K.L.:
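The structure follows.
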Protein chains: 2
Amino acid sequence: MPADITCLIVDDHEVVREGLRLSLSRAPHIRVVGEASDGASAVALAQRRRPNVVIMDVRMPGMDGLAATKEITDTVPETAVLIFTAYSERSLLGRGLESGARGYILKEAPHQTLLRAIEKVAAGEGYVDPALMPSFLNGKDRDEMLTAREREILQLLADGMSNADVAGRLFISQETVKSHVRHILAKLEANTRTHAVATALRTAIID
Amino acid sequence: MPADITCLIVDDHEVVREGLRLSLSRAPHIRVVGEASDGASAVALAQRRRPNVVIMDVRMPGMDGLAATKEITDTVPETAVLIFTAYSERSLLGRGLESGARGYILKEAPHQTLLRAIEKVAAGEGYVDPALMPSFLNGKDRDEMLTAREREILQLLADGMSNADVAGRLFISQETVKSHVRHILAKLEANTRTHAVATALRTAIID
DNA sequence: CCGGCTATCCCCCTTTTGCGGTAGAGGAGT
DNA sequence: ACTCCTCTACCGCAAAAGGGGGATAGCCGG
């Protein structure tokens, strides 16, 4: 019989932390050892408590869940991070796993599924929500197709910058920006930069 | 001593419903009489159970929280709707109240605050989360400044349509569309349509 | 060592967008 | 009745964006 699984809850919404606490309290072998409502305190708490699993939201004020995940997996390697997020952020799966997360589960998952995912990642295995597998396998995991540079440019477009503005900001030629934009449009199957930015915001490729 | 407050929970995330159930179970005078995970079943349940209060999320698959709110306040006038949503959707406040909601509270609110809000709306009073009052009073409640037509056009822009496309869709002249777009840009303080769409998506003016 | 990916840059051309000003018709409120 | 707002529509012009074609250099993995 294994020891208890220690668990850290990270989410900026009080009500979600309550819900998680309630769900986890039903599993006798899981113990919640802390809660955080933003990335920075999540990292600090993880380093102090060294839990087996961190249940991590992505969208949070200040340091977001992906940055916090990278920080935690770098400094507390024995801790497994399970990303816990909404369906609309499904395209973060790729970057989530890149940043060191061991699992990825949706907020709409029933709690039995959540408990199984926690056990899996605590045992050193990976877990990906079944609802995400189709898009993952089809390579429709859209943000994976964008390079870091392209995401960076797309982010600036979302802030209303023209090609010239972006070129100035990144110290590159305007022609280069146009080139990147054309690639972004092709990859996101968008006709206009506006459409590309909307798609990216909707699937949380940028924010 | 008043009778119990009956309450319906509407949110598409299992974990949020759990959290609400837990929070509300701590208040002896509040009784949860139902749960729904989308707008349509929320309306059906409200009509059958006729609760004192509906705690309503906004973003949901299918019928959203605003449409459900309008439907409920139209058909079950004795029921008070309390909109319960995330900070990033703060600009929905105006439309929320328009659609008949009697209160508006943020998901990050501590549960005592939530309980107070429930009591207030059950008693026939209004409630607006204090965190939203500054933007409300300053008139920075951005989506209030956009007319219905402008929102409609902005929504189409977000789907990647050109002025000509929008004109065709709405059976109006392209010049008219340009006119609307200029007004939108001015109101949202955006330089480009892309910026306007990004702002609108970020503050949930459109989706 | 070579092929593929990435980032950079350049040309030309057409279409779209943004910005200025202007204005009538209809509705709501005072 | 009068005013304010909204939606509608037009003109012209300068800037920006989109689409096509290229090219070069670095870097990484087979």
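Everything numeric here is computed off the predicted structure, so don't read it as measured data. Just so it is clear, the values below take in all heavy atoms, side chains as well, and ignore hydrogens, waters and symmetry mates. Letters A, B, ... are given to chains in the order of the sequence lines, protein chains preceding strands, and every chain is numbered from 1.
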K.L.:
Does R31(B) have more than 12 heavy atoms from other residues, nucleotides or ligands lying within 6.0 Å of its CZ?
P.N.:
no

K.L.:
Salt bridge check, E152(B) against R149(B): does any charged N sit closer than 4.0 Å to a carboxylate O?
P.N.:
yes

K.L.:
Is it the case that the side chains of H29(A) and E119(A) hold a donor-acceptor pair, with the cut-off being a distance below 3.5 Å and no angle test?
P.N.:
yes

K.L.:
Could you tell me how far apart L188(A) (CG) and dG18(D) (P) are, to the nearest whole angstrom?
P.N.:
13 Å

K.L.:
Assess whether a salt bridge exists between D129(A) and K107(A), defined as any Lys/Arg side-chain N lying under 4.0 Å from an Asp/Glu carboxylate O.
P.N.:
no

K.L.:
Choosing from dG19(D), dA7(C), dC19(C), which nucleotide comes nearest the side chain of L185(B)?
P.N.:
dC19(C)

K.L.:
What residues in residues 190-197 of chain B put a non-hydrogen atom under 4.0 Å from any atom of DNA chain D?
P.N.:
none

K.L.:
Please list all pairs passing the side-chain hydrogen bond (donor to acceptor under 3.5 Å, both in side chains) test where one or both residues lie in residues 164-175 of chain A, with sequence neighbours left out.
P.N.:
S162(A)-D165(A)

K.L.:
Backbone N or O of V33(B) within a donor-acceptor pair of the R49(B) side chain at under 3.5 Å?
P.N.:
yes

K.L.:
Counting only heavy atoms not in D74(B), do more than 12 sit closer than 6.0 Å to its CG atom?
P.N.:
yes

K.L.:
Starting at CE of M56(A), measure out to CG of L82(A) and round the result to the nearest 0.5 Å.
P.N.:
10.0 Å

K.L.:
Whole angstroms only, please: what is the NE2-P distance between H183(B) and dT8(D)?
P.N.:
12 Å

K.L.:
Just the rounded figure in Å: distance from P of dC5(D) to CD of E150(B).
P.N.:
13 Å

K.L.:
Of the residues in residues 160-182 of chain B, which ones touch DNA chain D at a heavy-atom distance under 4.0 Å?
P.N.:
I172(B), S173(B), E175(B), T176(B), K178(B), S179(B), H180(B), R182(B)

K.L.:
To the nearest Å, how far apart are I184(B) CD1 and dT6(D) C1'?
P.N.:
13 Å

K.L.:
What is the distance, rounded to the nearest whole Å, between atom CZ of R149(A) and atom C1' of dC27(D)?
P.N.:
16 Å

K.L.:
Rounding to a whole Å, what distance do you find between L156(B):CG and dT16(C):P?
P.N.:
17 Å

